[in-house]
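For reference, positions follow the sequence shown, starting with 1.
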Amino acid sequence: MAGKQIPTLGQSMEKMVNAMHGIAQDERLARPKIGKVLTPPPALTVQVDDIVIERGEMYIFSYSLPGYTRHMVGETSFRGGGSGYAEYQSHNHPIDNDETWTDTLVPGDLVGVIPLEGVTDAAGDQSQMFLITGRLTRL
């Protein structure tokens, strides 16, 4: 073995870490995909291929969560009251109140899954995070 240098422990570890990083990179989602909801919010999990995305690895639109409240302002359409009295003929009603949505994602729903780059997790560490879109419907 004349002339061949035995690698140091640091060099060997670097090669091993680089190999592991390459394997992990191959398993990361690189483009948007469709996932399936396994468990509903608040402990939402979504499966994409063989990967299960946990609650701490995702961002989700607020309106997909149960109990989401939105303030509504407007008015109803004009409609007749049907009573026969003139004051109840074609009229409308103002709307100015909070509406709380009660629907949410349920197991089996299909959702869009978009990988996010350069985003930190709850601990402030750089990690693979995902944007979970709302419920999808195939036309």
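- Using a 30° and 60° split on the angle between ring planes, Tyr63 and Trp101 fall in the tilted class, from 30° to 60°.
- The hydrophobic cluster containing Leu38, built from Ile/Leu/Val/Met/Phe/Trp/Tyr side-chain heavy atoms closer than 4.5 Å, also comprises Val52.
- Taken to the nearest 0.5 Å, the NE2 atom of His93 stands 11.0 Å off from the CD atom of Glu75.
- Val113 is listed as a side-chain neighbour of Ile132, based on a closest heavy-atom distance under 4.5 Å.
- Side-chain contacts under 4.5 Å among hydrophobic residues (ILVMFWY), followed directly or transitively, place Leu139 with no other residue at all.
- Two residues are said to be in side-chain contact when any heavy atoms from C-beta on lie closer than 4.5 Å; Asp98 and His71 meet this criterion.
- Between the CG atom of Leu131 and the CD1 atom of Ile114 there is a distance of 4.5 Å, given to the nearest 0.5 Å.
- Side-chain contact check for Gln47 versus Thr45: every heavy-atom pair is 4.5 Å or farther apart.
- Heavy-atom minimum distance, Thr39 versus Val37: O-CG1, 3.5 Å.
- Looking at heavy atoms from C-beta onward, Arg135 lies out of side-chain contact with Ser64 at the 4.5 angstrom threshold.
- Between Pro115 and Gln128, the shortest heavy-atom distance links the atoms CB-NE2, 3.6 Å.
- Counting non-hydrogen atoms of neighbouring residues, nucleotides and ligands closer than 6.0 angstrom, the CD1 atom of Ile34 reaches no more than 12 such neighbours.
- Across all non-hydrogen atoms, the minimal contact from Pro66 to Thr102 is CB-O, 4.5 Å.
- In this structure, Leu44 CG and Glu57 CD are separated by 11.0 Å, a value rounded to the nearest 0.5 Å.
- Counting heavy atoms from C-beta outward, Leu105 and Ile60 have side chains that approach closer than 4.5 Å.
- Closest of all the heavy-atom pairs between Val48 and Ile53 is CG2-CD1, 4.0 Å.
- Considering only heavy atoms from C-beta on, Leu65 stays 4.5 Å or farther from Pro42 through its side chain.
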